[in-house]
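Quick note: residue numbers are just sequence positions, from 1. Remember, predicted model here, so these are calculated numbers, not experimental data.
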Amino acid sequence: MSKELILILDFGSQYTQLIARRVRENKVFSRIVPFNISVKEIAEFAPKGLILSGGPASSIAKKAPYPDKAIFKLGLPILGICYGMQVIAELCGGKVRHTKDREYGKTELFIDDNRDLFSNLPGNFTCWASHGDFVTKLPQGFNTSAHTLNTSIAAISNKKRKIYGVQFHPEVTHTEKGNQIISNFLFRVCGCSGRWNMRSFIKETIDNVKKTVGKNKVVLGLSGGVDSSVAALLLHKAINRDVRCIFVDNGLLRKDEPEQIKKVFRTELHLNLDYVNAQKRFLLALKGVVDPEAKRKIIGREFITVFEEEARKFKGAKFLAQGTLYPDVIESISPTGAPSSKIKSHHNVGGLPEHMKLKLIEPLRELFKDEVRQVGRELGLPETILFRQPFPGPGLAIRILGEVTEDRLEILREVDSRVVEEIRKAGLYNQVWQSFAVLLPIKTVGVMGDERTYDNVVALRCVTSFDGMTADWAKLPYEVLEKISNRVINEVKGVNRVVYDITSKPPATIEWE
């Protein structure tokens with residue numbers, strides 16, 4: 001592998017993806033792998049170091065997930081975080097015990113050894129802890145590097161073997177000096193140079209695409225969003241006319257979206273673009289379906305079927321390209337085999353049929369959203385697309401709770417256009433991660449023009465986020481909320497109530513379905 005790599009062994013922590021992000025922010029490539037990956041596979045990756053993530057299990061439980069003990073014989077620098085530190089302690093001869101007095105939330109950390117992992121840090125600072133197990137006995141050759149008021153062993157180190165552990169989470173923003181700790185591990189302990197960036201990613205991806213595709217051709221599902229657009233430009237740069245973009249109008253798009261997409265990609269970017277009107281097909285397949293998972297899988301299957309039909313018209317097409325991102329994969333399945341739970345299926349991940357004839361190629365599969373935007377900027381993607389808010393692959397189908405019908409789609413399109421228009425007018429479009437409306441499967445009583453109404457309820461959802469993995473509800477000015485509500489109720493027939501969703505992610509997801 002040409003680039004420096006840090007492998008992250010995933011034990012199922014909700015923060016594992018944040019570890020990967022923090023490493024990449026330091027311009028070192030990271031990859032999440034199963035906690036039980038073999039030593040042989042690790043050696044084949046030739047990483048500069050290993051990070052053992054946190055996890056929901058107890059390291060002293062009978063069926064606790066453990067890595068191959070031989071990882072400590074590889075001579076690689078290792079950093080264990082929370083559960084990862086406890087695993088290091090247990091496997092290297094130390095002791096861990098459970099206590100009812102959990103250490104959760106913001107905790108003051110006191111540094112006992114300010115070298116290596118804690119270089120250039122103050123003597124004490126706030127960190128974020130989340131554990132009920134504590135290391136009570138150090139393994140032979142290890143020393144205590146930090147403590148808190150609740151535990152005398154909050155960080156451990158074996159400088160000779162370059163093995164370190166911290167009982168808190170340096171990857172979360174609540175830990176004041178977390179990025180410096182990770183940076184110290186990468187550069188002082190692992191000896192990384194920090195040269196990975198989006199330009200190097202583009203070059204390596206183009207080379208990989210050429211090697212994978214060979215003399216064959218590729219069809220790409222283009223939605224007009226950032227992800228598929230960047231994927232299209234990458235493939236176009238790699239194989240030029242051997243990629244054909246297929247834009248499927250599934251009838252689940254926003255107002256005027258089909259015409260806008262055709263204009264941008266045909267006229268401005270000069271890509272090979274085929275427009276397929278499949279509105280009736282998708283609506284027929286979704287008739288009577290109310291379960292959100294079923295919707296996603298149906299839409300995914302229909303997409304693939306359409307692609308395969310269109311691909312037959314493109315002689316030599318053997319690959320289907322998609323703009324799948326890392327968060328899509330993470331939320332759809334447990335890609336690492338770690339003891340985590342599936343949150344939801346994404347139409348382009350969990351909804352793909354096993355009998356699909358085209359081979360899948362996903363050039364952005366290991367990137368987060370902000371990284372994709374960096375790639376898009378390097379490739380010259382117009383800002384109107386580059387900074388477009390994320391729009392789900394299943395479209396408005398998952399923003400309509402209950403059955404998807406033409407009438408309900410028309411209502412939501414009109415509502416959505418007014419929401420986006422007012423967010424733009426207020427200068428908030430690029431400040432929030434997503435701003436959209438959800439059509440609820442209930443009706444409420446209202447009064448309009450001195451007459452009783454019994455119409456639909458719309459929920460407004462606006463969130464702020466960095467990468468979509470976590471999100472907070474946007475504190476929009478009351479004036480903006482009032483303007484949106486007034487316009488929706490006065491201008492969209494069939495809606496008499498607007499409510500605002502003030503739930504963060506977690507515990508909720510950004511989309512309602």
Side-chain angles (χ1 to χ4, degrees), residues 17 20-21 24 198 201-202 205-206 208-209 218-238 243-250 252-254 257-258 260-261 264-265 268-269 271 273 296 299-300 303-304 307 319-333 335 344-352 360-399 429-430 433-436 463 465-469 471 509-511:
Q17 292 76 39
R21 287 197 48 76
R24 295 184 187 192
M198 291 305 104
F201 168 82
I202 291 171
T205 300
I206 288 174
N208 288 339
V209 168
V218 180
V219 290
L220 179 143
L222 182 70
S223 69
V226 178
D227 309 336
S228 64
S229 299
V230 172
L233 287 180
L234 261 177
L235 288 164
H236 182 72
K237 195 173 182 67
V243 59
R244 184 174 295 278
C245 299
I246 300 176
F247 170 51
V248 178
D249 184 353
N250 56 14
L252 308 173
L253 303 175
R254 290 172 288 194
E257 193 165 20
Q260 294 170 1
I261 291 174
V264 169
F265 290 94
E268 297 180 22
L269 296 176
L271 298 185
L273 177 65
R296 289 177 178 272
I299 292 168
F303 262 117
I304 297 302
F307 287 143
F319 292 88
L320 165 65
Q322 293 189 145
T324 307
L325 303 192
Y326 208 10
D328 297 335
V329 177
I330 293 164
E331 290 192 339
S332 294
I333 55 177
K344 61 186 177 183
S345 293
H346 285 261
H347 85 283
N348 54 349
V349 182
L352 300 181
L360 202 58
I361 183 169
E362 298 169 310
L364 309 176
R365 187 181 178 87
E366 292 186 325
L367 295 188
F368 293 94
K369 177 70 77 172
D370 63 302
E371 294 171 333
V372 172
R373 286 198 169 108
Q374 291 176 43
V375 172
R377 186 179 290 110
E378 290 286 341
L379 294 173
L381 187 67
E383 291 198 359
T384 53
I385 300 295
L386 190 62
F387 294 106
R388 186 185 184 194
Q389 291 180 2
F391 185 65
L396 299 180
I398 59 169
R399 292 179 179 175
Y429 187 81
N430 291 334
W433 178 261
Q434 277 176 276
S435 49
F436 59 90
V463 298
S465 179
F466 185 69
D467 55 17
M469 294 302 300
T509 54
I510 295 177
E511 298 289 346

One pair to check against side chain to side chain contact (heavy atoms under 4.5 Å, CB included): Q260 and V264. What are the steps and the verdict? CA-CA 6 Å; Q260 294 170 1; V264 169; 5.6 Å; no
Which heavy atom of [X] sits nearest to which heavy atom of [Y], and what is that distance?
X    : Y    : result
R399 : P392 : NH2-CD, 3.2 Å
L379 : V230 : CD1-O, 4.1 Å
R373 : V226 : CG-CG1, 4.0 Å
G323 : A231 : CA-CB, 4.2 Å
I261 : G224 : CD1-CA, 3.9 Å
E511 : T509 : O-OG1, 2.6 Å

Does [X] reach the side chain of [Y], with side-chain heavy atoms less than 4.5 Å apart?
X    : Y    : value
I202 : L234 : yes
V243 : F319 : no
L360 : E362 : yes
R296 : I398 : yes
W433 : Q389 : no
L233 : K237 : no
V209 : I361 : yes
L253 : L396 : no

Nearest-0.5 Å distance, [atom1] of residue [X] to [atom2] of residue [Y]:
X    : Y    : atom1 : atom2 : result
L269 : S229 : CG    : OG    : 8.0 Å
L273 : I246 : CG    : CD1   : 9.5 Å
L364 : D227 : CG    : CG    : 7.0 Å
C245 : F265 : SG    : CZ    : 7.5 Å
F201 : L367 : CZ    : CG    : 4.0 Å
L271 : L220 : CG    : CG    : 9.0 Å

Side chains of Q322 and S228: donor-acceptor distance under 3.5 Å anywhere?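 Judged by distance alone, the side chains do not pair up.
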Taking S435's backbone N and O only, do any of them form a donor-acceptor pair with Y429's side chain (distance below 3.5 Å, no angle check)?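 Between the backbone of S435 and the side chain of Y429 there is no qualifying donor-acceptor contact (under 3.5 Å).
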Donor-acceptor check, side chain of Q434 to backbone of P390, threshold 3.5 angstrom: yes or no?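 Such a contact is found between Q434 side chain and P390 backbone.
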Can R24 and E366 be said to form a side chain to side chain contact (heavy atoms under 4.5 Å, CB included), step by step? CA-CA 11 Å; R24 295 184 187 192; E366 292 186 325; 4.2 Å; yes
As a quick check of understanding, evaluate side chain to side chain contact (heavy atoms under 4.5 Å, CB included) for F387 and R377, giving each step before the final call. CA-CA 10 Å; F387 294 106; R377 186 179 290 110; 3.2 Å; yes
Is it true that the NZ or CZ of R21 lies under 6.0 Å from the centre of F368's six-membered ring and within 45 degrees of the ring axis?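 Yes, R21 and F368 form such a contact.
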Going through the distances and angles, do L325 and K369 end up as a side chain to side chain contact (heavy atoms under 4.5 Å, CB included)? CA-CA 7 Å; L325 303 192; K369 177 70 77 172; 4.0 Å; yes
